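Some notes on the structure that comes next.
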Amino acid sequence: MSKKISIVLTGVGGQGVITAANILGKAAVRAQVGVFVSEIHGMAQRGGAVVCTVRMGDVSSPLLPSGTADVLLSTEPVEALRNIGYVHKKTKIITDINPVIPFTVAVGGEQYPQTEALFKELSAHAQVFKVDALKIAKEAGAVITKNTVMLGALAAAGVLPFSPDVLLDTILEGLPDKYKDVNRKAFQAGMKALRNK
Amino acid sequence: MSELTLDEPGKTILLLGNEAITRGALEAGIDVATTYPGTPSSEIADTFSAIARDATRQKKDPGFYFQYSTNEKVALEVAAAASFCGLRSLTCMKHVGLNVAADTFMTYMYVGCRGGHLIVSADDPSCHSSQNEQDNRYFALFASAPMLEPTTPQEAKEMTRLGFELSEQLHLPVLLRTTTRLNHARGPITLHEMTQPRREGHFDKDPSLVTVPAVARANHPVLLKRLAEAEKIAETSPFNEVITVGSPKDVGVVTSGVSYTYVKEMAEELHLNVRILKLGMTHPIPRKMCTEFMASCTTLIIVEELEPFLENQFKALAFDTGAKVKILGKSSGHFSRLYEYTPDSVAEAFSKIFKVKNPFTSPVTSSLKLPRRPPSLCPGCPHRATYYAVKKAADKDTIYPTDIGCYTLGKEPPLQTADILLCMGSNAGMACGFSVATDQKIISFMGDSTFFHSGIPPIINAVHHNHDVVITVLDNRTTAMTGHQPHPGTEIDGMGKPAKLIKVEDVVKGCGVQHVEIVDPNKIKETTEAFKRALEFKGTSVVVSKSPCILLEVQRKRKARETIQLYHIDQEKCKRCKTCIGRFGCPALYFAEDGSVHIDPAQCNGCGNCVQVCPFGAISAVEESP
Ligand SMILES: Cc1ncc(C[n+]2csc(CCOP(=O)(O)OP(=O)(O)O)c2C)c(N)n1
Ligand code: SF4
Ligand code: SF4
């Protein structure tokens, strides 16, 4: 049986998590690797928590068992922790460090954890790679390339069953020409950010 | 979008389960597609709509007719009529939509169809975006409809494509029963060639179509004969197959839908030796095939989400055939009647049954308490402004019957303007009943799409019986919750063509409502006054609160290159009274660590309503929007 690769993508509705999962799926098809993606729509647009799963290789199910993710990629740190049940010791958690505070904190008096405690908790369960996607995207030339930065980081993590170029080409394929350069830059900066850890 | 209409047989592309269904219908030469939107089914119809709108824009013919109908019942009837004229048609809806269409559905089977008709039900185990998790497989049993259940997007496409043939062969509409995990899963799809649609139908008169009692009595045995025919087809259907894991002896698993994918993977992971009977055609079940499968087993495990639909049928079959087999499933306590299954839940049950270790137990948990992140009304949502005004106008004891749409999110603090919810259209009917049962004031809420769907009959009921209620129509000019589909109150239809716009207030006046208020909720004071007047009116009053969904407004402004006005808080004037956050609750407002209040410019949609809410005039427009 060939290897199964499971990636969990999490974040906040509106951050483009579903789009990122779709891109990973398309890249797998391009590389002729078996793939299933699962996503939950509906409430995603209204700022709720979002989880997508991407499974590649010889898989039948779009969902993965607990504790078997190879990568947990999160565009928001608390959402990474919310899905900690998917990780094991060797899982790579790649997360953006920029918090999005849910309204339950302002309106409902709930607490957003202190940054330090949050990352300490994440690190207790798996290997954590922090990415300041906002800063890197700004440096690359456009804030909207944040998810390209994150996908670049994922490509450098050494778990995808295809080369980073396949992923980059899939990202670029869907974009108008004028956005290609800045996304290429963002992707490469994301790769570098992970390699430098 | 172009990918979905590619005529490149053999090519593999990645599609969402719902898109795969649309593609399957296109490959089968679909003529007429209809729907009323509802998650998790919406993208099937939205994909038809996108293809049709593209064609309309290019002044081309998409090859099919598509319609967002006023509700599921109408959608089913429109498509059924096309089928009676020999055309291929498809109707898709979420599971509860079939409740609305049930009256049509039940008797439709008595007359049967002519052109192939596929009815797609998208069930939602775990209620990801629904008010219940009813198992619509029982509708197939109830109505005697043939049913197909796909496990993967590829199979969904194939079942759709071949489902039309099955429907024509049997002269029966076919139910394609899906669940959220299939609708919203993406997988590789191998394209098949496209079939030319028939386009022109003709209605041949036939007295057996008029279901007066004598005809209905004569039609029922015909239906049962067709169902027996369907069972014969099921015996050799490629969608019913046996898959082997390991070197099985006498344990079998029966499963269908997405559950199969968990069964297959977990059987492999736990190194089990089992034969899996995967049923793709689940009504009528192929009794001969099932009996033979059962005869080869001493233990049979039935793995199906929600109700014991197959389990009870297998038990009946075991009884009839005298099979000596132990049947494990829901009644043995190994599987639940609740919620979606997962690889974890299937592994857990298998580990108990086969007495092997479950390698997937005890997932790690966070020791930190995390803030919840439920969905909420968007910053600048007009519903929030309406609710804020209502709360100002009404006393504490006022009852708020609500309905289904974005506005249901008014349930959350600080607004809390949702006290009871059953199903679409129920707000106004319940309002009538409350007015009979109690002296409390009543203000009910429904969206504009809900109004057209099922909100009008209860308003007529209120007027006719002079119920003392305030019924609110939150007219945001779209069906927002399910993805901003058009409805009878918009001027463009699902094919991107001009359509007659029907005004809510015209309908309401036509229904005889004596007191009608039309307000712009973004004028909070005026809206509050309007609700006060409506509450004072003795009898039925309707408030139409009209303002477009802010997401559509922002989109329109961006297209027109208009700037979106941002707002900020003058820290000198702000007294930290918390009115804007604590009572109004726009999610773009937040407390900084020092307790000061700010507006997040990345989230603010520029409605300006917080300006009216602040008692100290601390909120104002940013002079030069960046
Ligand atoms: C019978 C039925 N059909 C469809 C749905 C799915 N659904 C949920 S909300 C909604 C419509 C919302 O539109 P509207 O009433 O205009 O409110 P808005 O979301 O725009 O505020 C629909 C179609 C449902 N819950 N029940
Ligand atoms: S999508 Fe529109 S109607 Fe729905 S919450 Fe957002 S602004 Fe309100
Ligand atoms: S103007 Fe005020 S109420 Fe409107 S979206 Fe911005 S912060 Fe929210």
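Computed from a predicted structure; not experimentally measured. So that the names make sense, note that chain A is the first sequence line, chain B the second, and so on, each numbered from 1.
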Nearest-0.5 Å distance, [atom1] of residue [X] to [atom2] of residue [Y]:
X        : Y        : atom1 : atom2 : value
B/Glu265 : A/Lys4   : CD    : NZ    : 3.5 Å
A/Phe36  : B/Gln154 : CZ    : CD    : 9.0 Å
A/Gln114 : B/Leu368 : CD    : CG    : 10.0 Å
B/Phe360 : A/Thr68  : CZ    : OG1   : 6.0 Å
A/Tyr112 : B/Lys369 : OH    : NZ    : 15.0 Å
B/Thr39  : A/Ile40  : OG1   : CD1   : 10.5 Å

Tell me, side chain or backbone of [X] under 4.5 Å from chain A's heavy atoms, or both, or neither?
X        : answer
B/Cys406 : side chain
B/Pro40  : neither
B/Thr365 : backbone
B/Pro371 : both

Show the nearest heavy-atom pair for residues [X] and [Y], with the distance to one decimal.
X        : Y        : answer
B/Lys264 : A/Ser60  : CG-OG, 3.4 Å
A/Phe103 : B/Pro374 : CE2-O, 3.6 Å
B/Pro413 : A/Val107 : O-CG1, 3.7 Å
B/Ala480 : A/Arg46  : O-NH2, 3.0 Å
A/Glu39  : B/Leu16  : OE2-CD1, 3.7 Å

As a quick check of understanding, evaluate side chain to side chain contact (heavy atoms under 4.5 Å, CB included) for B/Arg186 and A/Leu24, giving each step before the final call. CA-CA 11 Å; B/Arg186 288 177 202 273; A/Leu24 276 176; over 6 Å; no

Quick check for you: among [options], which has the greatest number of heavy-atom pairs under 4.5 Å with chain A?
options                                : value
B/Val258, B/Asp344, B/Thr482, B/Thr152 : B/Asp344
B/Gln603, B/Arg181, B/Glu412           : B/Arg181
B/Ser366, B/Ala185, B/Pro359, B/Gly187 : B/Ser366

Where does [X] contact chain B at under 4.5 Å (heavy atoms): side chain, backbone, both or neither?
X       : value
A/Val87 : both
A/Leu63 : both
A/Leu64 : backbone
A/Val35 : both

Might you confirm whether atom [atom1] of [X] has over 12 heavy atoms from other residues, nucleotides or ligands at distances under 6.0 Å?
X        : atom1 : value
A/Lys185 : NZ    : no
A/Lys180 : NZ    : yes
B/Arg558 : CZ    : no
B/Gln416 : CD    : yes

Is there a side-chain contact between A/Gln111 and B/Leu370 in this structure, where contact means two heavy atoms from C-beta onward sitting under 4.5 Å apart? no

Quick check for you: among [options], which has the greatest number of heavy-atom pairs under 4.5 Å with chain B?
options                             : result
A/Gly25, A/Cys52, A/Ala21, A/Ala124 : A/Gly25
A/Ala106, A/Pro65, A/Ser38          : A/Pro65
A/Leu81, A/Thr53, A/Val78           : A/Leu81
A/Lys26, A/His88, A/His125, A/Arg82 : A/Arg82

Under the side chain to side chain contact (heavy atoms under 4.5 Å, CB included) rule, what do B/Leu14 and A/Asn22 come out as? Steps first, then yes or no, please. CA-CA 8 Å; B/Leu14 186 82; A/Asn22 188 12; 3.5 Å; yes

Keeping A/Glu121 on the side-chain end and B/Ser367 on the backbone end, is there a donor-acceptor pair under 3.5 Å? yes

